[in-house]
Engineer: 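So that we are looking at the same thing, I have put the structure below in structure tokens.
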Amino acid sequence: KNQVEQSPQSLIILEGKNCTLQCNYTVSPFSNLRWYKQDTGRGPVSLTIMTFSENTKSNGRYTATLDADTKQSSLHITASQLSDSASYICVVSGGSSGTYKYIFGTGTRLKVLA
Amino acid sequence: GAVVSQHPSRVICKSGTSVKIECRSLDFQATTMFWYRQFPKKSLMLMATSNEGSKATYEQGVEKDKFLINHASLTLSTLTVTSAHPEDSSFYICSAIPPPGLNYNEQFFGPGTRLTVL
């Protein structure tokens with residue numbers, strides 16, 4: 001069964017600290033993996049996208065890694081800011097439905113405190 | 001970049017009425033749009049795939065007669081929740097895929113519509 005699992009479910013950190021979010025997937029065949037940020041009451045916004053051959057991708061203070069062998073990805077947030085408080089969703093494309101269908105992770109709710 | 005809008009952003013209606021939500025791709029044509037539903041603290045759940053000029057494809061468990069989808073043009077898809085009930089209260093999000101050659105297969109999400117059924 002194609003699944004995407006994320007951990008932790010929720011996380012609270014102090015402003016300025018770093019954190020790492022995890023994503024494990026069982027989607028096959030694999031096309032690509034994306035990390036999205038979703039503010040409360042808003043639609044998801046893309047942070048990074050990685051294909052099978054990419055190990056790491058950065059977008060400002062966000063750095064995503066991908067290990068296609070172990071089917072794991074992580075999103076590292078450096079020097080967190082209050083505005084980083086949001087849900088972070090790992091999304092994998094692929095599976096029997098084709099490359100354009102998204103399989104969503106359960107999300108990690110991050111709260112950054114002053 | 002590719003921008004997707006939704007209207008309205010919030011709607012409150014009485015039980016038994018119908019509500020229409022619009023999804024527009026503002027700066028690109030989208031032959032395929034998706035409709036999602038998201039409950040509090042849960043991830044997005046795909047409801048249906050909307051293809052311009054043809055019938056929508058619904059996911060298992062989604063009532064097509066209750067959630068009417070019309071993709072009448074390359075920039076507009078509408079979702080109508082018919083005879084809404086309180087359990088239909090949710091956050092509805094659409095996404096659109098640009099044509100080949102521009103972020104191919106990338107879904108761009110709208111800002112969402114909060115539906116509350118009293």
Side-chain angles (χ1 to χ4, degrees), chain A residues 1-12 21 23-25 27 29-52 57 59 85-111, chain B residues 1-11 21-26 30-51 57-60 89-100 102-116:
Chain A
K1 183 179 179 181
N2 293 318
Q3 282 187 316
V4 178
E5 296 183 347
Q6 293 184 240
S7 63
Q9 190 174 30
S10 61
L11 181 63
I12 301 174
L21 314 180
C23 173
N24 298 328
Y25 62 92
V27 179
F30 171 85
S31 179
N32 52 57
L33 184 146
R34 295 174 169 88
W35 282 93
Y36 281 89
K37 177 186 179 187
Q38 185 180 21
D39 293 310
T40 300
R42 306 293 295 174
V45 175
S46 179
L47 295 175
T48 63
I49 174 173
M50 288 181 291
T51 59
F52 183 87
K57 185 72 70 75
N59 178 3
S85 296
S87 287
Y88 291 84
I89 307 172
C90 176
V91 180
V92 178
S93 297
S96 58
S97 299
T99 58
Y100 67 87
K101 276 282 186 75
Y102 280 12
I103 301 166
F104 289 82
T106 49
T108 293
R109 291 195 311 279
L110 174 66
K111 180 73 172 177
Chain B
V3 179
V4 177
S5 70
Q6 282 184 240
H7 177 80
S9 58
R10 292 175 178 269
V11 57
I21 302 170
E22 293 184 348
C23 177
R24 293 182 185 273
S25 55
L26 297 185
T31 55
T32 301
M33 291 183 172
F34 299 91
W35 285 98
Y36 295 88
R37 181 166 52 182
Q38 186 176 31
F39 292 105
K41 300 183 180 180
K42 300 292 185 181
S43 193
L44 280 71
M45 291 174 45
L46 181 64
M47 299 175 66
T49 302
S50 170
N51 296 298
T57 303
Y58 290 82
E59 296 298 301
Q60 192 172 10
S89 298
S90 188
F91 193 53
Y92 292 87
I93 303 175
C94 72
S95 70
I97 295 180
L102 176 65
N103 299 98
Y104 186 54
N105 282 341
E106 176 89 20
Q107 290 187 33
F108 291 89
F109 290 88
T113 296
R114 171 75 59 193
L115 170 63
T116 302

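Every chain is numbered from 1 and lettered A, B, ... according to where its sequence line falls, protein lines coming before strand lines. For the numbers below, each heavy atom of this structure counts, side chains included, while hydrogens, waters and symmetry mates do not. Note that the structure is a prediction, hence the values are computed from the model and not measured.
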Engineer: Please check if the number of heavy atoms outside A:F52 that lie under 6.0 Å from its CZ is greater than 12.
Structural biologist: no
Engineer: Side chain from CB out, backbone as N, CA, C, O: work out which of these in A:R109 comes under 4.5 Å of a heavy atom of chain B, or both, or neither.
Structural biologist: side chain
Engineer: Say you draw a straight line from NZ of B:K41 to OG1 of A:T106; how long is it, rounded to the nearest 0.5 Å?
Structural biologist: 14.0 Å
Engineer: Are A:I89 and B:L44 close enough that some pair of their side-chain heavy atoms sits under 4.5 Å apart?
Structural biologist: yes
Engineer: Where on A:Q38 is there a heavy atom nearer than 4.5 Å to chain B: the side chain, the backbone, both, or neither?
Structural biologist: side chain
Engineer: Surrounding CE of A:M50 (heavy atoms of other residues, nucleotides or ligands, distance under 6.0 Å), is the total greater than 12?
Structural biologist: yes
Engineer: Chain A: which of B:R114, B:Q38, B:Q6 shares the most heavy-atom pairs with it under 4.5 Å?
Structural biologist: B:Q38
Engineer: Between CZ of B:F34 and OH of A:Y102, what distance do you get to the nearest 0.5 Å?
Structural biologist: 8.5 Å
Engineer: How many angstroms lie between atom OG of A:S87 and atom NZ of B:K42, to the nearest 0.5 angstrom?
Structural biologist: 12.0 Å
Engineer: For each of A:G41, A:S46, A:G105, tally heavy-atom pairs with chain B at distances under 4.5 Å, and name the one with the top tally.
Structural biologist: A:G41
Engineer: Can you tell me how far apart CZ (A:R34) and CD (B:Q107) are? Round to the nearest 0.5 Å.
Structural biologist: 7.5 Å
Engineer: Looking only at heavy atoms, which two atoms of B:F91 and A:R42 are closest? And how far apart?
Structural biologist: CE2-O, 3.6 Å
